[in-house]
Number of protein chains: 2
Amino acid sequence: MNKNQPAQQFTHSDLILENNAIGSIWQICFVANSFVFPIYAFYDKQYKISRMEFVILFILAHKGKLMAWEMCIMTGLPKNNISRGVKKLESKGLIKRSQDPKDARRAILVTTKTGEGLYQELIVHYTRRADDFLSLLDEDDKNDLDRIMLKLSKSMPTIS
Amino acid sequence: MNKNQPAQQFTHSDLILENNAIGSIWQICFVANSFVFPIYAFYDKQYKISRMEFVILFILAHKGKLMAWEMCIMTGLPKNNISRGVKKLESKGLIKRSQDPKDARRAILVTTKTGEGLYQELIVHYTRRADDFLSLLDEDDKNDLDRIMLKLSKSMPTIS
DNA sequence: TATGTCAAGTCTCAAATGGAACTAATTTCA
DNA sequence: TGAAATTAGTTCCATTTGAGACTTGACATA
């Protein structure tokens, strides 16, 4: 899939970095990167959709409507990135923006029909990969993972 | 810390995307991004060390010596990135490369004393943040997290 | 020992990224 | 009220990133 990676199809177990200085954080980052990397490469190639564009579609599809600053918080991504993604999606007719009547600085963003359609097409690949991946875990593991990651998500500390 | 982010110091709980199409994967990515983002910004500012450079120092410090292709597998990062990181670290005198006698294409990489010293300085911030972060969990949670993330790390699927 | 294939690593180039400065709207509070 | 501070979002610019082509070395098969 990715010609920039060495040819090994699976990670060698002895090249997993257990017991490192930052504990599970390393594994969390490794899993996150390794999981999404091929998907975004695929979206880019097949649909000319960037990571930022997909992420925005994804959260809009779930929340219905959002403002850019809410997207920043939801994704943890910088606002200039979000701003560019929004502009691009708008120019492609995949989302629409309207002024917030209460605050002229803010724009309320929603997907268009086309955008919703594209999202439905894209998400199939993502969920299939996620299901494959999580199928390695039994039900208890999945519940533990859900609970723990949610707990961590809700209280991400700023830098100390 | 990051002027590109909206000013909220903590994530709003209602802006956490629970029950989404890809389950815990979303949280894993969110946590990974939100966790490392401020650290690498800090390293860049204070030490002029990029993410790639740190990651290479980190795994070298743990494994002693490695070749570039092993780093790719361990990190899930593209080989051209690793190659550039290695070149930069070498030019700064933080790592050293020597030919693999068994295969002239390969280079065996190790940290220099300076590199090891810098790593020791950098890792303090990282582990402090990791400890703060994981202190949100009780011992059972931590063990579950370790176990599950390790299981997932060891069997990352290629794209389907 | 030729020859085609594969592997490790580098290079090029276009695109994505993030920090910082900026604009414009809103809020704070003297 | 009005100046100062804050916030939402954009733009600029330098750096980082990744895909793909490329180079060189190893290896398999004949």
Side-chain angles (χ1 to χ4, degrees), chain A residues 1-9 33-34 36-46 48-56 66-73 75-91 97-109 159, chain B residues 1-9 33-34 36-46 48-56 66-73 75-91 97-109 159:
Chain A
M1 195 71 215
N2 177 3
K3 297 208 176 145
N4 264 24
Q5 290 293 8
Q8 281 76 2
Q9 286 297 301
N33 285 334
S34 310
V36 300
F37 197 101
I39 297 186
Y40 292 134
F42 173 76
Y43 286 167
D44 183 54
K45 196 168 199 169
Q46 299 292 315
K48 300 278 169 253
I49 282 286
S50 73
R51 167 185 166 220
M52 282 309 309
E53 292 173 89
F54 175 77
V55 165
I56 292 169
L66 285 168
M67 305 195 222
W69 66 273
E70 295 174 305
M71 293 181 176
C72 293
I73 293 176
T75 60
L77 293 168
K79 63 181 184 171
N80 46 1
N81 265 338
I82 298 280
S83 171
R84 273 185 297 247
V86 163
K87 204 164 69 172
K88 210 169 206 175
L89 286 171
E90 200 188 8
S91 77
R97 83 169 83 196
S98 56
Q99 286 263 316
D100 180 355
K102 291 176 189 156
D103 187 335
R105 290 169 305 178
R106 297 176 166 188
I108 297 165
L109 305 163
I159 200 158
Chain B
M1 194 70 214
N2 178 2
K3 296 205 177 147
N4 265 23
Q5 290 294 9
Q8 282 75 3
Q9 286 297 302
N33 284 333
S34 310
V36 299
F37 197 101
I39 297 185
Y40 292 134
F42 173 76
Y43 286 167
D44 183 54
K45 196 167 199 169
Q46 298 293 312
K48 300 279 169 252
I49 282 286
S50 72
R51 167 185 166 219
M52 282 310 309
E53 293 173 89
F54 175 76
V55 165
I56 292 168
L66 285 168
M67 306 194 222
W69 66 272
E70 295 174 306
M71 292 181 176
C72 293
I73 293 176
T75 59
L77 292 168
K79 63 181 183 171
N80 45 3
N81 264 338
I82 297 280
S83 172
R84 272 186 297 248
V86 164
K87 204 164 68 172
K88 210 169 206 173
L89 285 171
E90 200 187 8
S91 77
R97 83 170 83 197
S98 57
Q99 286 264 314
D100 180 354
K102 290 176 190 158
D103 187 335
R105 290 169 307 178
R106 299 176 164 188
I108 298 165
L109 304 163
I159 200 158

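Residue numbering restarts at 1 for every chain, and letters A, B, ... go by the order of the sequence lines.
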For the atom pair [atom1] ([X]) and [atom2] ([Y]), what is the distance rounded to the nearest 0.5 Å?
X        : Y        : atom1 : atom2 : value
B/Ile49  : B/Leu89  : CD1   : CG    : 6.0 Å
B/Glu53  : B/Asp44  : CD    : CG    : 9.0 Å
B/Ile108 : B/Arg97  : CD1   : CZ    : 12.0 Å
A/Glu70  : A/Arg106 : CD    : CZ    : 7.5 Å

When you measure only distances, ignoring hydrogens and angles, does the side chain of [X] come within 3.5 Å of the base of [N] through a donor and an acceptor?
X        : N      : value
B/Asn80  : D/dA19 : yes
A/Arg105 : C/dT26 : no
B/Arg106 : C/dA8  : no
B/Arg84  : C/dG9  : no
B/Asp44  : C/dG19 : no

Practice problem: Using the closest heavy atom to pick a nucleotide of DNA chain C for each, name whichever of A/Pro101 or A/Ser50 lands nearer the 5' end. | Solution: A/Ser50
Quiz prompt | Residue mapping more 5' on DNA chain C - nearest nucleotide basis, B/Val86 or A/Met52 | solution = B/Val86
Quiz item: OP1, OP2 of C/dT10 versus side-chain N and O of B/Arg97: anything below 4.0 Å?
Solution: yes
Quiz prompt | Five-pair end axes of the helix from C/dT1-D/dA30 to C/dA30-D/dT1 and the angle they enclose, rounded to 10° | solution = 30°
Exercise. Measure across A/Leu109 and A/Met67 and return the closest heavy-atom pair with its distance rounded to 0.1 Å.
Key: CD1-C, 4.5 Å
If I take atom [atom1] in residue [X] and atom [atom2] in nucleotide [N], what distance separates them, rounded to the nearest angstrom?
X       : N      : atom1 : atom2 : value
B/Tyr40 : C/dG19 : OH    : C1'   : 18 Å
B/Trp69 : C/dT10 : CH2   : P     : 15 Å
A/Gln46 : D/dA19 : CD    : P     : 14 Å
B/Lys48 : D/dT16 : NZ    : C1'   : 14 Å
A/Gln99 : C/dT26 : CD    : P     : 9 Å
B/Ile82 : C/dT10 : CD1   : P     : 11 Å
B/Ile49 : D/dT15 : CD1   : C1'   : 15 Å
B/Lys79 : C/dC11 : NZ    : P     : 13 Å

Quiz item: B/Arg84 and B/Met52: side-chain contact (heavy atoms from CB on, under 4.5 Å), yes or no, with the steps?
Solution: CA-CA 8 Å; B/Arg84 272 186 297 248; B/Met52 282 310 309; over 6 Å; no
Between [options], which nucleotide gets closest to the side-chain atoms of [X]?
X        : options                : answer
A/Ala107 : C/dT17, D/dG9, D/dA26  : D/dG9
B/Lys45  : C/dA20, D/dA26, C/dG9  : C/dA20
A/Ala104 : C/dG9, D/dT17, C/dT26  : C/dT26
B/Lys88  : C/dA25, D/dT16, C/dG19 : D/dT16

Practice problem: Just do the side-chain contact (heavy atoms from CB on, under 4.5 Å) check on A/Arg51 and A/Leu77 with the steps written out, would you? | Solution: CA-CA 11 Å; A/Arg51 167 185 166 220; A/Leu77 293 168; 3.1 Å; yes
Exercise. List the steps and the verdict of side-chain contact (heavy atoms from CB on, under 4.5 Å) for B/Thr75 and A/Asn33.
Key: CA-CA 8 Å; B/Thr75 59; A/Asn33 285 334; over 6 Å; no
